[in-house]
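These notes are about the structure you will find just below.
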Amino acid sequence: MTERIPKSNKLWGGRFSGGVDAALHQFHASLPFDARMWREDLTASVAHARMLGATGILTAEESAGLIAGLQALLAAWEPNGPEIDDQEDIHSKVEAALCEALGPLAGKLHTARSRNDQVATDFRLYLRNGCDQLDAALQETQRALLACAEAHLDVVMPGFTHLQHAQPVLTAHHLLAYVWMLARDRERVADARVRINRLPLGAAALAGTKFPIDREMVARDLGFESILENSLDAVADRDFAVEFLAACSLTMMHLSRLCEEIILWASQEFAWIELPEGYCTGSSIMPQKKNPDGAELIRGKSGRVFGDLLGLLTTLKGLPLAYNKDLQEDKEAAFDALDTTLACLRIAAGMMRGIVFRRDRTLAALAGEMSAATEIADYLAEKGVPFRDAHHVSGEIVRYADSQGKGLADLSLTELRQYSDLIEDDLPPLLTPEAVVAAKTSSGGTAPARVREQLEKVRAVVG
Ligand code: ARG
C-alpha cells in the first residue's frame with residue numbers, strides 16, 4: 001500500500017472514504033510557498049469574520065471569538081509565519097490552527113466564502129504590498145543613479161548608435177536616461193496596483209452565495225478600491241498578476257541594459273569606470289581579475305523574470321472559467337519575480353553608488369575621433385547649403401581626416417577650407433567634444449544647461 005495522508009487532515013474530507021496518496025499530496029500542496037501569504041490570509045479572514053458579524057450571518061459573539069482567535073494567530077506567528085507541516089495550503093493551515101485554538105467555532109469562519117475567492121484575495125493583498133516594495137526599491141535605484149549623475153556633471157563621453165561613436169554626450173545625461181526609464185517603471189507599478197486593488201472575496205466558489213454578505217464593507221476594511229463585479233471573473237482571472245510580472249519584466253529589461261553597459265565600461269577595452277570592489281569578485285586562477293559579477297547576474301536574472309511572465313501567460317491561456325488548480329502556479333512565478341526584481345534593484349543601487357567614471361579615459365576615447373561630423377554639416381546648413389549636400393561635404397572631410405590619421409578637431413582651417421570656402425575660423429572651435437555637447441541646446445538635449453534643467457525635473461519626479 002502506498003502511504004496516504006488521512007482525510008481527517010483535509011478541509012474537504014467528507015466526500016472521500018480514504019486519504020489522498022502521499023505523492024499527490026506532496027505534488028499539489030502549496031503551503032511550502034504560499035505560507036508567505038500568512039498575514040494576508042489572517043487579515044482577510046478578520047475582515048470576513050467582522051462582516052459576518054455585522055450582517056448577522058454569525059452572532060456578534062461568534063464574530064468576536066473568530067476575530068480574537070485570528071488576531072492571536074497573527075501575534076503568535078510573527079515574524080516568521082507558521083511552521084510548514086503537511087497541511088495543504090495556507091488556508092487549511094490557518095483553519096487547522098484556529099480549530100485547535102477555538103474548537104468548533106473555527107468551522108464557522110468559512111461561511112459564505114471559498115478558498116477560490118480567498119486565495120485570489122490573499123494574492124492581491126500580497127502583490128499590492130509587493131507594488132509598494134517595488135516602488136521604494138525603484139526609487140532607491142533612481143536616487144543612486146541621480147547621485148552618480150550629479151557627481152559626474154562635467155564628464156563628457158562618446159554617445160553611441162550601433163555601438164559606434166555617434167555624438168559626444170554628458171555622462172550625467174546618459175545616466176539620467178535610466179532614471180527616466182525607472183520613473184516609467186514606477187508609473188507601471190502604480191498602474192498595476194490600481195487593478196490589483198479590487199476585491200474578489202464574496203465571489204465564493206464561482207457563483208456568489210445565498211448569504212447576505214456585505215462585500216463593500218470587506219473592501220473598505222481591507223483597503224480595496226472597489227469590488228470585482230462578476231463572481232466568475234473574480235475567481236478565474238489572474239490578469240493582475242500578469243501585469244505585475246510585466247512591470248517586473250520591464251524593470252529587469254532596463255536594469256539588464258544598464259548592467260550590460262556597466263560591464264562594457266568596466267572592460268579593459270573601455271576602462272571608463274572603476275567598479276566598487278564590494279560589487280566585484282575575483283578569480284580562483286587569475287589573480288588580476290576583478291569581475292563585474294553583480295552586473296552580470298542582474299543581466300542574467302532578467303531572463304528568469306521574463307520566464308515567470310511567459311510561464312504564467314501560458315498557464316492561463318487555455319483555462320476554462322472559473323477556478324482550476326492550474327491557477328496555483330501563479331504564486332511561485334509572481335513571488336520569484338518580486339524577490340528577484342527587488343534583489344536586483346538593491347544591488348544595482350549599491351553598485352551605482354560606488355561607480356566612479358575615469359575622465360582621463362572618457363576624454364581619451366574622444367581624442368582623434370569623428371563625432372563632430374554632424375557639427376560640420378549643421379554649420380554648412382546654417383549657411384544655406386542644403387543639409388544633404390552639407391552632409392556630403394562633411395563626409396569628405398571625415399574621409400580626409402581619416403587618411404591623415406587625425407580627428408576632426410585636429411584639422412586646421414586651411415585643411416577644412418579645401419572642402420568648402422563657406423568654412424571660416426569660427427568652425428574649428430565648434431568641433432571639440434565640449435563644444436559639440438554645449439551646442440545640443442534643444443529641450444531634452446545634452447547641453448550642460450539643459451542637463452541641469454533636466455536634473456531639477458527628475459529630482460521632483462524621483463521624490
Ligand atoms: N492553493 C490553492 C491555490 O493556490 C488554493 C485554492 C484551492 N481551491 C481549490 N478549489 N482547490 O490556488
Side-chain angles (χ1 to χ4, degrees), residues 5 7-16 19-45 48 81-99 107 109-130 196 198-209 228 230-242 244-245 308 311-339:
I5 301 292
K7 68 179 190 130
S8 57
N9 193 26
K10 296 282 170 208
L11 295 180
W12 36 260
R15 190 234 178 277
F16 289 78
V20 70
D21 189 276
L24 179 76
H25 177 78
Q26 208 192 9
F27 181 64
H28 89 144
S30 53
L31 185 63
F33 56 86
D34 68 18
R36 67 151 94 187
M37 303 195 301
W38 63 275
R39 282 196 194 86
E40 287 72 17
D41 198 76
L42 288 167
T43 310
S45 291
H48 182 67
E83 173 210 350
I84 309 295
D85 54 20
D86 63 358
Q87 284 295 336
E88 186 177 316
D89 55 26
I90 185 59
H91 324 295
S92 11
K93 177 73 192 173
V94 166
E95 196 164 322
L98 201 62
C99 197
L109 177 62
H110 216 50
T111 313
R113 87 177 175 183
S114 145
R115 275 187 299 162
N116 297 347
D117 56 344
Q118 195 182 351
V119 72
T121 304
D122 294 0
F123 193 33
R124 284 173 181 267
L125 285 172
Y126 194 91
L127 293 188
R128 186 176 77 186
N129 182 261
I196 286 171
R198 294 176 189 164
L199 176 78
L201 205 65
L206 74 163
T209 171
L228 289 159
N230 180 302
S231 62
L232 290 161
D233 174 41
V235 291
D237 204 6
R238 294 293 184 269
D239 57 354
F240 64 94
V242 171
F244 181 85
L245 287 165
D308 291 329
L312 183 58
L313 276 171
T314 311
T315 295
L316 295 176
K317 75 178 272 290
L319 295 186
L321 302 189
Y323 179 83
N324 301 270
K325 189 69 173 230
D326 316 44
L327 290 174
Q328 181 169 286
E329 289 291 307
D330 58 1
K331 279 174 284 301
E332 280 166 296
F335 296 161
D336 179 66
L338 175 62
D339 294 348

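Each ligand, and each atom within it, is numbered from 1 in the order the structure gives.
- Of the charged side-chain nitrogens involved, none lies within less than 4.0 Å of a carboxylate oxygen, so that R115 and E95 do not count as a salt-bridged pair.
- We find that K331 and D89 are not joined by a salt bridge, their nearest charged nitrogen and carboxylate oxygen being 4.0 Å or further apart.
- With hydrogens and angles disregarded, no donor-acceptor distance shorter than 3.5 Å links the side chain of D41 to the backbone of H91.
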Just list the N/O pairs, ligand 1 to protein, that are under 3.5 Å apart, with the distance for each.
unit_1	atom_1	unit_2	atom_2	d
ligand 1	1 (N)	S30	OG	3.0
ligand 1	1 (N)	D89	OD2	3.3
ligand 1	1 (N)	Q328	OE1	2.7
ligand 1	4 (O)	K331	NZ	2.7
ligand 1	8 (N)	N116	OD1	3.0
ligand 1	10 (N)	N116	OD1	3.0
ligand 1	12 (O)	Y323	OH	2.5

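- Figure legend: cation-pi geometry between R198 and F240 absent, as NZ or CZ is not positioned both under 6.0 Å from the six-membered ring centre and within 45° of its axis.
- Of all heavy-atom pairs between R238 and L312, the closest is O-CD2, 4.5 Å.
- No more than 12 heavy atoms of other residues, nucleotides or ligands sit less than 6.0 Å from atom NZ of K317.
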